[in-house]
2 protein chains.
Amino acid sequence: MGIKDVARVAGVSPSTVSNVLNHPERVAPAKRAQVEQAMRTLGFVRNEAARYLRTGASRTLGLILLDAWNPFFTEMARGVEDYAFAQDWAVLVSNSDRRADRESRYLNVFAERPVDGIIIVPHGDPPERLADLRRQGIPSVLADRRGTGDTTMSVSLDDVGGGQLAVAHLLELGHRDIAFAGDPTRVTQVRDRLLGATRALAAAGRPTQFTVIETALTMGGGRQVGKQLVDQPPAARPSAVFASNDLVAIGLLQVLLRHGVRVPEDIAVIGYDDIEFASQLAVPLSSVKQPPYAMGHAAAELLIAALTGEPRSENHVVFQPELVVRESTVGTRG
Amino acid sequence: MGIKDVARVAGVSPSTVSNVLNHPERVAPAKRAQVEQAMRTLGFVRNEAARYLRTGASRTLGLILLDAWNPFFTEMARGVEDYAFAQDWAVLVSNSDRRADRESRYLNVFAERPVDGIIIVPHGDPPERLADLRRQGIPSVLADRRGTGDTTMSVSLDDVGGGQLAVAHLLELGHRDIAFAGDPTRVTQVRDRLLGATRALAAAGRPTQFTVIETALTMGGGRQVGKQLVDQPPAARPSAVFASNDLVAIGLLQVLLRHGVRVPEDIAVIGYDDIEFASQLAVPLSSVKQPPYAMGHAAAELLIAALTGEPRSENHVVFQPELVVRESTVGTRG
DNA sequence: CTGTTAGCGCATTCAC
DNA sequence: GTGAATGCGCTAACAG
């Protein structure tokens with residue numbers, strides 16, 4: 001059931017069928033109708049593998065997500081898909097689940113398969129494999145990570161600026177004993193947010209206590225941080241916590257509230273990402289909003305432009321975060 | 001940079017290279033080493049498209065998810081991936097986002113591409129396209145939906161039993177005015193849960209108020225239901241709500257708590273799915289637990305068995321749900 | 001154990 | 001505007 005069978009049924013040659021598929025204007029309307037009819041009755045579907053083998057292009061993008069659990073990445077995926085679909089490209093999604101072995105496994109899957117380009121939210125440092133792939137003719141764009149060098153494209157967020165935004169907000173509210181909860185040694189973005197935090201501190205020029213609490217970027221991690229805090233005597237607790245993502249902030253919030261710690265009166269909490277959930281908590285969470293949809297959209301745009309040879313002015317797009325103030329830092333003022 | 005180039009560099013014939021790839025035991029160790037060395041220096045990657053064109057098989061599964069936002073499906077995807085990877089199969093994931101157009105779009109994407117089989121969580125009724133695909137030689141398994149007929153495989157959950165479980169629990173706690181929040185006209189699973197609920201009611205044989213509140217299966221929908229309830233005079237409110245999934249229950253919970261309605265004293269709430277979040281809310285949510293990971297695992301198992309021609313005793317697997325009791329129905333008793 | 005041959009389904013020259 | 005030939009990269013016969 002290939003192009004040949006369609007040709008036989010329609011009483012034309014295979015190449016005419018091919019023309020109907022790829023250059024419909026070259027085929028006489030009457031014959032075209034015959035061919036299309038034959039395709040319908042036969043239930044013909046194009047074999048992309050063969051097409052790819054022949055042309056070297058498949059109008060397909062591979063997307064490797066870091067953590068499909070995090071709504072932030074799901075939203076990003078949606079941005080990629082929406083743009084790609086609108087341009088009539090297909091998207092194949094996968095999830096590295098923050099595991100290096102799965103990341104490289106999926107990189108292999110895509111390297112071997114008909115994808116024209118790859119969008120990846122890398123697990124750690126951008127994998128070496130990407131350079132091989134580029135040499136192999138498969139371009140890639142780094143998402144949520146600033147690219148180094150000129151060969152790569154990237155779409156990233158200004159995490160330093162975001163960290164600065166969050167801590168400046170806390171300082172402005174008068175906090176002088178701030179804790180940072182995150183994983184700066186292992187996650188670049190968190191390192192940048194921490195860097196931004198210290199910059200805000202320096203800029204304020206006021207003596208401020210600043211503690212870093214190491215934690216995994218999950219709700220479980222947040223709950224651990226919470227336990228650690230409620231175990232301290234109230235006087236020893238920081239007056240504000242900057243959680244390096246919303247999941248951590250949510251876990252923290254749950255523990256604090258359950259132990260009667262008032263938020264923000266006793267401890268103010270600010271998160272990062274502004275996931276949908278953040279606004280819907282018992283105490284709505286202040287956060288730093290990032291535009292995951294726009295990021296995904298831009299990544300797809302960049303990649304497809306590169307693939308279709310469109311000229312681009314810029315290979316590295318950086319989005320600016322935005323402070324979203326809710327009750328968890330300012331209470332129900334007014 | 002194909003098999004031929006490797007052959008040239010290694011000083012052997014292309015088919016020897018092919019043998020190294022597919023039947024290593026047939027090649028003399030010395031030559032095999034040469035070939036492997038050549039592959040490494042050339043950075044050779046197999047072209048799956050060509051391989052597929054030749055063999056008709058690609059060791060690849062397509063997975064079409066309904067709603068990547070819902071942790072339930074993410075967990076299911078993980079079950080699929082873990083099993084498939086363990087068997088050395090690749091998985092290509094996509095997300096229909098509860099939209100029929102995207103579902104059929106992805107069905108097309110997979111129909112045209114080298115996937116050997118498809119696992120799908122269908123949007124509504126199992127799409128007609130699946131039958132075409134099966135005729136085309138691509139088997140599929142329905143997930144989270146009982147299959148009809150013998151041609152299809154399916155992995156499903158006993159939603160009727162789950163609904164029964166939930167409402168029996170509420171009845172046992174003495175509730176006589178229960179509301180059901182969900183979308184029974186549009187979602188089969190919800191219809192089944194509702195059916196189970198009415199069965200539990202009938203089995204109890206006690207006069208009980210039972211109201212159905214139509215709502216979308218999102219947190220936003222849950223919040224709407226919450227608003228509707230708090231707008232009623234307390235006496236008119238039901239004493240318990242069975243939300244047809246946890247997202248709805250969570251949205252509902254937020255609104256109730258914020259308006260000073262006590263849970264479960266004033267209104268008890270039970271959800272469905274037992275997502276990770278459910279246990280971590282201000283008032284931990286009672287729910288009906290489903291085994292999404294096991295479901296995904298079983299789906300992959302079924303499909304790969306079918307694809308490899310292994311004999312299977314059963315084409316339809318049904319998992320039983322399990323009641324998880326937490327504070328939102330029984331409070332902090334004891 | 002190794003090399004030679006043919007063809008999977010399609011798009012693309014090039015004749016007609 | 002249409003049809004016949006060619007080859008994309010690979011694997012499975014088969015011959016040596």
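Throughout, a chain's letter reflects where its sequence line sits, starting with A, and its residues are numbered from 1. Given the structure is predicted, the values throughout are model-derived calculations rather than measurements.
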Base, sugar-phosphate or nothing for B/Val17? Non-hydrogen atoms, less than 4.0 Å. nothing
Base, sugar-phosphate, or nothing for A/Val12, non-hydrogen atoms under 4.0 angstrom? sugar-phosphate
Is A/Arg46 near enough to C/dA11 that one of its side-chain N or O atoms lies under 4.0 angstrom from OP1 or OP2? yes
I want to confirm an ordering. Mapping B/Asn19 and A/Asn47 to their closest nucleotides on DNA chain C, which one lands closer to the 5' end? B/Asn19
Nearest-angstrom distance from the residue atom NE2 of B/His23 to C1' of D/dC10: 12 Å
Between the side-chain atoms of B/Thr16 and the base atoms of C/dG3, is any donor-acceptor pair under 3.5 Å? no
What's the CZ-C1' distance between A/Arg51 and D/dG9, to the nearest Å? 18 Å
Name the residue from A/Val80, A/Val121, A/Asp144 that meets the side-chain contact (heavy atoms from CB on, under 4.5 Å) definition with A/Met295. A/Asp144
Check for me whether the distance between the ring centres of B/Phe85 and A/Tyr106 falls short of 6.0 Å. yes
Taking C/dT12, C/dC10, D/dC10 as options, the one with an atom nearest any side-chain atom of B/Ile3 is D/dC10
Take atom CZ of B/Arg54 and atom P of C/dT5, then tell me their distance rounded to the nearest Å. 16 Å
May I ask you to say what A/Ser18 touches in the nucleic acid, namely base, sugar-phosphate or nothing, with a heavy-atom cut-off under 4.0 Å? base
CD of B/Glu112 versus P of C/dG9: gap in Å, rounded? 16 Å
From CG of B/Asn22 across to C1' of D/dG9 the rounded distance in Å is 13 Å
Under a 4.0 Å threshold between the charged nitrogen and the carboxylate oxygen, would B/Arg102 count as salt-bridged to A/Asp82? yes
So, for B/Gly147 and B/Leu142, which heavy atoms are closest and what is the spacing to 0.1 Å? CA-CD2, 4.0 Å
Selected nucleotide, minimal atom distance to B/Leu53 side chain, candidates C/dC8, C/dT4, C/dT12: C/dC8
Rounded to whole angstrom units, what separation is found between the CD atom of B/Gln34 and the P atom of C/dC1? 15 Å
Contact class for A/Ser15 vs. all strands (heavy atom < 4.0 Å): base, sugar-phosphate, or nothing? base
Does A/Glu128 have more than 12 heavy atoms from other residues, nucleotides or ligands lying within 6.0 Å of its CD? no
Distance-minimising heavy-atom pair for A/Gln136 and A/Ala111: NE2-O, 3.4 Å
Measure from the side chain of B/Ala28, starting at C-beta and using heavy atoms only, and say which of C/dA11, D/dG1, C/dC1 lies closest. C/dC1
Measure from CE on A/Met39 to C1' on C/dC10 and round the result to the nearest Å. 14 Å
Interatomic distance, B/Arg8 CZ vs C/dG3 P [rounded to whole Å]: 15 Å
Are B/Lys31 and C/dG3 close enough that a side-chain N or O sits under 4.0 Å from OP1 or OP2? yes
Are OP1 or OP2 of D/dG1 and a side-chain N or O of A/Arg26 less than 4.0 angstrom apart? no
Nearest listed nucleotide, side chain of A/Phe44, among C/dA11, C/dC10, D/dC10: C/dC10
